[in-house]
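The next block holds one structure in the form of structure tokens; read it before the comments.
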Amino acid sequence: MSYFPITVLLTLAVTTNIHAGDVTSGLMEKLKANGKADAVLSMPSIMSSVLSNPMMSLLSGNDKTNFMTGLMKQMTSASQAPFLNALQSLGVKDTQPFWVANKISMKGVGAPVINALSALPGVFEIREPFRVNLVNPVERGDNSSFSRRSGDAQWGVQRIGACSVWDRTKGDGVLVANIDTGVAADHEALSGNYAGKFHDAYGGHTEDEPYDDGGHGTHTMGTICGQTNGIGVAPDARWVACKGLGNDGGTEVMLSECAQWILDLEEKPVVVSNSWGGGQAGKWYNDEITAWQQAGIVPVFAIGNSGPNCGTANSPGDQPNLISVGATQQSNDIMAKFSSRGPLKGTKTIKPEVAAPGQNVLSAWPDGSYQSLSGTSMATPHVAGAVALMKAANPSITYKQIYQKLTSTTDKPTVASGDLKCSGSTNQKYPNNAYGYGRINVAKAMA
Ligand SMILES: *[C@@H]1O[C@H](CO)[C@@H](O)[C@H](O)[C@H]1NC(C)=O
């Protein structure tokens with residue numbers, strides 16, 4: 001007769017032993033020091049079961065994306081329900097459940113809440129939210145000498161061959177997006193092609209009206225599709241933007257909110273340009289990247305400004321399933337010193353995928369002026385603009401085809417001996433861990 005109760009007790013004990021939530025030591029220390037902390041309760045990813053749903057291979061286009069986001073919402077909400085209920089009964093109000101990744105963000109919670117949550121059954125981790133930085137421009141150049149004659153494209157736009165395809169397409173209404181410090185929609189370069197959607201996940205303003213209190217986001221968007229002074233690679237593309245960062249960087253919470261907002265747009269952008277990142281081998285944005293990929297959105301990321309040493313690639317740019325970008329100089333396509341080099345830390349995976357112009361790049365600035373900046377942040381939107389041109393010329397082109405075309409038609413500058421070492425070689429060899437497959441040439445990619 002005592003058989004059943006014992007079994008139940010054993011099962012309970014075993015369950016609690018195996019499936020207690022982990023609280024990271026970083027969060028514990030923060031709680032000890034400050035009493036309260038922002039935290040993220042992170043559960044196992046649902047993406048592999050979403051992707052293995054048979055409907056995913058039967059559907060295409062918006063039907064597939066809508067099915068996928070619906071399933072993501074359903075599955076995360078089911079797995080998060082016990083925690084949300086617990087948070088409610090603990091009186092914690094400032095919570096934000098996500099569906100693009102299986103996690104809940106909590107603001108300003110104390111040790112009693114964390115302890116109560118961690119005692120709940122399940123496989124999960126409670127940690128501090130990741131913080132990332134803008135891939136900050138490494139230097140500001142002289143902006144006085146640029147030509148205002150219309151038709152004269154800036155050096156980077158010319159170098160990647162964009163002008164050679166402009167008689168075929170300048171982007172033709174294709175929708176592009178960035179996640180950055182926001183965009184000044186009133187700048188003459190960007191007012192004509194704003195597509196009317198802006199989201200402020202950074203939370204600087206109460207209204208979702210476009211603004212940029214940094215400048216970085218206006219500059220990067222200007223390079224993708226600015227319409228004046230030849231600054232934009234795809235000047236006839238239209239843009240939307242999510243502000244996920246300020247000059248002080250951004251949090252995982254803001255950046256995941258931006259990823260979700262982009263996936264929920266009725267008209268999806270063809271590319272998202274990301275000139276931000278930090279740390280190495282960080283996998284925390286990979287569900288977002290996978291979801292974009294499935295929705296037909298090309299993820300482009302800066303590789304970071306932590307060069308010139310080998311193994312300095314930053315995350316998420318150092319992750320798979322995206323196009324990461326290093327920066328070249330105007331003179332001879334020399335690799336910029338600051339540009340992070342591969343490989344992905346602890347592996348032989350080559351990073352970045354490609355390189356693009358990233359030194360003395362002239363683009364728009366929120367006060368209505370133009371500024372010349374240097375950084376992999378400036379190289380990245382050249383690639384995003386190239387993707388927009390390719391999509392405009394061929395709307396059905398897939399990520400794989402874009403990747404294949406862009407990486408197989410690059411120009412291949414001489415690799416410096418220091419950079420050859422990053423690929424364990426003394427011979428000129430492509431791909432390598434400085435340029436990846438080379439400096440992009442969109443004219444050749446579209447030939
Ligand atoms: C160049 O930069 C200065 C200072 O940042 C700014 O005031 C000026 O308007 C800029 N020039 C142009 C042509 O945009």
Side-chain angles (χ1 to χ4, degrees), residues 133-160 162-163 166 170-171 176 178-195 198 202 204-205 209-239 241 243 245-250 273 275-276 302 305 327-331 336-339 356-385 388:
N133 297 316
L134 286 172
V135 177
N136 264 319
V138 287
E139 57 193 33
R140 188 173 283 210
D142 177 17
N143 67 352
S144 58
S145 63
F146 78 87
S147 166
R148 277 186 178 274
R149 277 177 299 141
S150 63
D152 267 7
Q154 297 304 319
W155 82 265
V157 177
Q158 289 186 28
R159 183 65 58 87
I160 65 166
C163 316
W166 280 353
K170 289 181 147 185
V176 300
N178 75 0
I179 297 178
D180 211 302
T181 58
V183 176
D186 57 355
H187 195 287
E188 60 170 6
L190 293 161
S191 57
N193 54 350
Y194 172 46
F198 182 88
Y202 181 76
H205 287 186
E209 291 295 325
Y211 74 102
D212 179 6
D213 56 0
H216 192 268
T218 302
H219 200 277
T220 57
M221 190 61 87
T223 300
I224 304 174
C225 61
Q227 300 189 301
T228 51
N229 295 313
I231 62 172
V233 172
D236 286 351
R238 295 147 55 240
W239 64 268
K243 180 175 170 65
L245 305 112
N247 278 337
D248 59 344
S273 193
S275 289
W276 54 268
N305 294 343
T328 53
Q329 304 179 18
Q330 184 166 10
S331 157
K337 197 174 172 210
F338 56 76
S339 191
Q359 196 149 40
N360 299 328
V361 174
L362 190 91
S363 188
W365 201 251
D367 61 4
S369 76
Y370 294 82
Q371 297 292 339
S372 167
L373 302 178
S374 302
T376 53
S377 283
M378 285 67 238
T380 303
H382 282 92
V383 176

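Computed from heavy atoms alone, side chains included, the values below leave out hydrogens, waters and symmetry copies. Positions are given from 1 along the sequence. Order of listing sets the numbers, starting from 1, for every ligand and every atom in it.
Those atoms of ligand 1 with a heavy atom of Asn143 less than 4.0 angstrom away are 1 (C), 2 (O), 3 (C), 8 (C), 10 (C), 11 (N), 12 (C), 14 (O). Listed by atom number, the atoms of ligand 1 under 4.0 Å from Ser369 heavy atoms are 8 (C), 9 (O), 10 (C), 14 (O).
Considering both main-chain and side-chain atoms, Gln371 comes within under 3.5 Å of ligand 1 through a nitrogen or oxygen pair. The shortest N or O to N or O distance between Arg140 and ligand 1 is not below 3.5 Å.
When side chains are defined from C-beta on, Gln227 counts as touching Asn193, because their heavy atoms get closer than 4.5 Å.
Panel note: side chain Asp180, backbone Gly217; a donor-acceptor pair is recorded below 3.5 Å.
Ring centroid separation for the pair Tyr370 and His187 comes in under the 6.0 Å cut-off.
Taking the six-membered ring where the residue is Trp, Trp365 and His219 present perpendicular rings, their angle passing 60° and hence far from 30°.
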